[in-house]
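Chain identifiers are assigned alphabetically (A, B, ...) following the order of the sequence lines, protein sequences preceding nucleic acid strands; residue numbering begins at 1 within each chain. Just so you know, these numbers come straight off a predicted model, no measurement behind them. Values below: all heavy atoms of this structure, side chains included; hydrogens, waters and symmetry mates excluded.
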2 protein chains.
Amino acid sequence: MLTAELESVVMHFGEMGNRWGFNRTVGQMFALIVFTEEPMNADQIAATLGISRGNVSMGIKELQSWQLIRTQSLPGDRKDYFKPNGSIWDLAMQVMVERRKREMDPTLSLLRSQLISSEAEDNNNYTHQQMHAIHDLLEMFGGWFTDMQKMKPEQLKTLLKLGSGVGKVLDMKERLIG
Amino acid sequence: MLTAELESVVMHFGEMGNRWGFNRTVGQMFALIVFTEEPMNADQIAATLGISRGNVSMGIKELQSWQLIRTQSLPGDRKDYFKPNGSIWDLAMQVMVERRKREMDPTLSLLRSQLISSEAEDNNNYTHQQMHAIHDLLEMFGGWFTDMQKMKPEQLKTLLKLGSGVGKVLDMKERLIG
DNA sequence: CTATATTTTCAATAATTTCTGAAAATTCAA
DNA sequence: TTGAATTTTCAGAAATTATTGAAAATATAG
């Protein structure tokens, strides 16, 4: 059973699903699992959302491929119960990791091989320059992101809250140390 | 006419289109415009990609709604010619701005109104806590991103390249100033 | 204005993605 | 083992999204 409040959020996550890289029902399932305290089994999910058992099975596979949910088994019950794979912060990080894999890595890889395979040829044409610019940008963002992941969540949160204030700190460091 | 190299990148951008928030032909059009030095008109785009004139018209509208392309008129020619709306850096920033609008803002807005409308009620249940956590996370990232946009590109690039090194700078500042 | 060039719109169609549900596969208690 | 419980798979159906192309709208040169 869904409170009106929970229902509106579940529906919203369903609508946003496509924009976030999965489909409507996967979005709804994710919301249901994240916003419900008690882990749910696949039948409960299917009944609550009014979708088929098979669809739930595929949605679970998808959410697991994103590493967003995990199973928990309850004693005396053979069914799998699903719950979020960590805190909201963990889930957000995981979404960013996966999106990078799916949205940036393939392009970085293609551009890299294109640029290497034509190394000897005329690589000062406009197309090459643009390819190079995108390649370098993706690499810079990718490296930055990998680096950020290494930081402790608390330090990362501090940094995020500091915002552009970090620019001032850097200027100061520049003046003090050079 | 498309060199083999340009064609492979155009096709790739087409395949990635869905993941980036638009469809195949819009992705191809974007690649074509970004990687071709001379601005192209709609007929040229349609002929090069082998798609209908109407499809190009809709794709242009889409790319303009993302503010990724703009028109240029050539003297003695009534057709519109299209080119990228700035440098690769500018385009990347613009994609991030638009994706934030489309992927984060609606959810932030929904969560905010949900949390406000139930202010008086029991707001210590699990669903509320999770909603709050997502709300705060989105707000933190959003604020950070707004802040980053205010920085000069050069300073921002420095920051990105510094990566987690920024943590050390912050620690140092902490020790020096508190 | 008028005629022509150009762009946009949108109903019909095509292509793709999602969903169902029954069958197959798997798991596990007894 | 056996057999019931559970999960997964996947072919066909349904729903959604993308594309075409011709008609309508718009723009502009003469």
J.: Anything under 3.5 Å between a donor and an acceptor, one on a side chain of residues 12-21 of chain A, the other on a protein residue two or more places apart or in another chain? List them.
T.:
from: A:His12; atom 1: NE2; to: B:Thr107; atom 2: OG1; distance (Å): 2.8
from: A:Arg19; atom 1: NH1; to: B:Arg102; atom 2: O; distance (Å): 2.7
from: A:Trp20; atom 1: NE1; to: B:Glu103; atom 2: O; distance (Å): 2.9

J.: How would you list, by chain and number, every residue that makes a side-chain contact (heavy atoms from CB on, under 4.5 Å) with A:Gln94, sequence neighbours excluded?
T.: A:Gln67, A:Leu68, A:Val97, A:Glu98
J.: Anything under 4.0 Å to a heavy atom of chain B counts; send over the first and last such nucleotide of DNA chain D, read 5' to 3'.
T.: D:dA18 to D:dA29
J.: Going by side-chain heavy atoms closer than 4.5 Å, which hydrophobic residues are tied to A:Met58, directly or by a chain of links?
T.: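 None, because no other hydrophobic side chain comes under 4.5 Å of this residue.
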J.: Angle between the end axes of the helix from C:dC1-D:dG30 to C:dA30-D:dT1, five pairs per end, to the nearest 10 degrees?
T.: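 End-to-end axis angle for the helix from C:dC1-D:dG30 to C:dA30-D:dT1: 30°, rounded to 10°.
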J.: N/O contacts under 3.5 Å, protein versus nucleotides 27-30 of chain C?
T.:
from: C:dT27; atom 1: O2; to: A:Arg78; atom 2: NH2; distance (Å): 2.6

J.: Going by heavy atoms closer than 4.0 Å, what residues in residues 58-68 of chain B are next to DNA chain C?
T.: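 Of all residues in residues 58-68 of chain B, the ones placing a heavy atom under 4.0 Å from DNA chain C are B:Met58, B:Lys61.
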J.: Return all side-chain donor-acceptor pairs below 3.5 angstrom for residues 156-163 of chain A, not counting sequence neighbours, or 'none' if the list is empty.
T.:
from: A:Thr158; atom 1: OG1; to: A:Glu154; atom 2: O; distance (Å): 2.9

J.: Mind checking what makes ring pair (Phe, Tyr, Trp, His ring centres under 6.0 Å) contact with A:Phe22, not counting sequence neighbours?
T.: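 Partners of A:Phe22 by the ring pair (Phe, Tyr, Trp, His ring centres under 6.0 Å) criterion, ordered by chain and then number, come out as A:Trp66.
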J.: For B:Glu139, what residues pass the side-chain contact (heavy atoms from CB on, under 4.5 Å) criterion, not counting sequence neighbours?
T.: B:Leu108, B:Arg112, B:His135
J.: Of all the heavy-atom pairs spanning B:Gly142 and B:Met104, show the shortest one and how long it is.
T.: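 Looking at all heavy atoms of both residues, the closest pair is N-CE, 4.3 Å.
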J.: Just checking B:Asp80: base, sugar-phosphate only, or nothing, at a heavy-atom cut-off of under 4.0 Å?
T.: sugar-phosphate
J.: Got a sec, which residues hit side-chain contact (heavy atoms from CB on, under 4.5 Å) with B:Ser52, two or more places apart in sequence or on another chain?
T.: B:Asn55
J.: Tell me, please, which residues at least two apart from A:Ser8 pass side chain to side chain donor-acceptor pair (under 3.5 Å).
T.: B:Gln114
